[in-house]
Amino acid sequence: MKNRIAFCVGEWNEHMSNHRFNLLTLQELIDVLHVSRSTIDRWRKHKGLPFIKIGKEIFFDKEKVEDWIHSQETVIDTEKNKSASHETKTIKIGYQSKTAHMWSPLIIKKLGLLEEELQDINPSRKNDVEWCNATNGLELVEGMIAGNIHIASLGDYPIILSNQLSKIFPNYHPVLLGFDGKTAQSKGISIVLPKGVGYQEIGDLTGGTISTVMNSSAGYRLNRLLAGREHADVEIVHQDMNLSFQSIMEKGVGASVMWEPYVSLLQTQGANCITFEDADDYLTGLVTQDHWAQMNEDVVIAYMKAHLRAHHIAQKYPLRVAKIVSKCTDIDFQIAVKIISNVRWDAAVYRKDLQTLQNLSQYNSRGINLNGENTFKDRFRGYYLGEASKRMNLSRCVENPLEGSWDTEILY
């Protein structure tokens, strides 16, 4: 975008001198600025490009557009000067190696995919990629608010919580870049019971204790499940997954709501599970700050390209990924293969996915409720994913939310 705007300033007056009307059509603006329709739409939505809508048609006041072009040129020059004063660009990525649905960053890190894409986009710049391996999503959200994390892999409830916290912190504007691992009906999160315990449903745990991680996708589903039972007499113990794992092994709690790979690891030790029936899909995704993404457009596109490559590797070569996971996390190779094969590695955003996030955000036993104030469609920035897919010459562009149910085959 930066080079395009700088190039356009010189041609603007020449084209406008003979123009008879004050308003430009969309096609005329495209012809003058030498950009695509999607770029104009993105500038309108996210960069304040002034426009006029008459019925279904979009027009542009040439004088206002000229002012906007020069204002963007000033911002760009400032950013170029800042960049020139720093020899190395530091990019901080937050991930969770012990959350199976977010193993994509682990693939990217170990195979050096992000460094390759950054080098491809800007060969002259040195990049320093820092990886922060967190124990839960809330830790990463806190890092993003503090400015210590630039792009984070989060579960669906931490994504919702991040959105809610933006109302408290005025300079925090998180946006969704795309999704990561998905499973239908919350598969991948289960109520795990100690070995030898054969409960059939949550009601059998009355009077007992259940452990889980607070403000997590697992903890949220437990809260919602218990809120639907008027007389649920269960004590919830908040502790991290490693401690919950140990508690189940030692029968220190009656049950634990856990995510993969902990569920599969405990099943190999004889633990039983109660699945969430008729629950919302389990989604994980990528979140960044809107302003940071706009100022580092090439970096975000590079990461989304690496993200799509990691998904392709997970889909086509699960054994290769399982070796990486097993080496980095000490998880048994065969367990890793099973988990990887059961996850849908799909960055594309479907309308049903955004509705799932909205559904999850509107109900919480702890009182967090968006009340329809913001839809997650407003939080999705599909340009970066769409641009990555176009630059990789994939079979379709995934810039906009897709209709219908998840495709049987992932076509990109």
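Positions are given from 1, in the same order as the sequence printed here. Note that this is a predicted model, so its numbers are computed, not measured.
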Results of side-chain contact (heavy atoms from CB on, under 4.5 Å) for D128 - residues two or more places apart only: T88, T90, E130
V287 and V175, any side-chain heavy atoms less than 4.5 Å apart: no
Donor + acceptor pair across side chains of R125, N127 (<3.5 Å): yes
CD-CG distance between E139 and N133, expressed to the nearest 0.5 angstrom: 8.5 Å
Distance in Å, T356 OG1 paired with R351 CZ, rounded so as to fall on 0.5 Å steps: 13.5 Å
Polar side chain donor-acceptor pair, E297 to Y383, under 3.5 angstrom: yes
Working for side-chain hydrogen bond (donor to acceptor under 3.5 Å, both in side chains), residues Y95 and K109: CA-CA 10 Å; Y95 71 110; K109 178 184 178 183; 3.1 Å; yes
Aromatic plane relationship, H307 with Y303 - under 30° parallel, 30 to 60° tilted, over 60° perpendicular: parallel
Minimum side-chain heavy-atom gap R391-I121 below 4.5 Å: yes
L308 vs M392, side chain to side chain contact (heavy atoms under 4.5 Å, CB included): CA-CA, chis, key distance, verdict: CA-CA 9 Å; L308 290 170; M392 296 172 71; 3.9 Å; yes
CA sep, side-chain torsions, deciding dist, call: S216, N136, side-chain hydrogen bond (donor to acceptor under 3.5 Å, both in side chains): CA-CA 7 Å; S216 68; N136 59 71; over 6 Å; no
Stepwise side-chain hydrogen bond (donor to acceptor under 3.5 Å, both in side chains) check, W406 with D281: CA-CA 11 Å; W406 292 342; D281 300 329; 5.0 Å; no
Heavy-atom side-chain contact between L26 and F59 under 4.5 Å: no
Presence of salt bridge, K64 and D67, under 4.0 angstrom: no
Pair W68 + W43: ring centers closer than 6.0 Å: yes
Among T183, D180, D156, the one residue meeting side chain to side chain donor-acceptor pair (under 3.5 Å) with H101: T183
Salt bridge (charged side-chain N to carboxylate O under 4.0 Å, His left out) between K305 and E387, worked out: CA-CA 9 Å; K305 289 176 67 179; E387 189 66 20; over 6 Å; no
Separation between NE2 of H238 and CG of L243, rounded to the nearest 0.5 Å: 13.0 Å
Any donor-acceptor N or O pair under 3.5 Å, side chains S247, Q239: yes
Distance-only donor-acceptor check, side chains K89 and N296, under 3.5 Å: yes
Salt bridge (charged side-chain N to carboxylate O under 4.0 Å, His left out) between K53 and E57, worked out: CA-CA 6 Å; K53 188 170 185 180; E57 298 297 323; over 6 Å; no
Candidate pair D407 and R396, rule salt bridge (charged side-chain N to carboxylate O under 4.0 Å, His left out), full reasoning: CA-CA 13 Å; D407 287 342; R396 67 177 178 184; 2.9 Å; yes
Full working for side-chain hydrogen bond (donor to acceptor under 3.5 Å, both in side chains) between N242 and S244: CA-CA 5 Å; N242 289 325; S244 288; over 6 Å; no
Passing candidate, side chain to side chain donor-acceptor pair (under 3.5 Å) with S166, options H173, Q289, R379: R379
Neighbour count >12 (heavy atoms, 6.0 Å) for atom NZ, K110: no
Euclidean distance, I58 CD1 relative to Q27 CD, rounded to 0.5 Å: 14.0 Å
K352 atom NZ, over 12 foreign heavy atoms within 6.0 Å: yes
Y317 atom OH: more than 12 heavy-atom contacts under 6.0 Å: no
Distance in Å, W292 CH2 paired with H150 NE2, rounded so as to fall on 0.5 Å steps: 5.5 Å
Over 12 foreign heavy atoms within 6.0 Å of NZ, K187: no
Distance-only donor-acceptor check, side chains Y350 and S405, under 3.5 Å: no
From I91 atom CD1 to I151 atom CD1, the distance as rounded to the nearest 0.5 Å: 8.0 Å
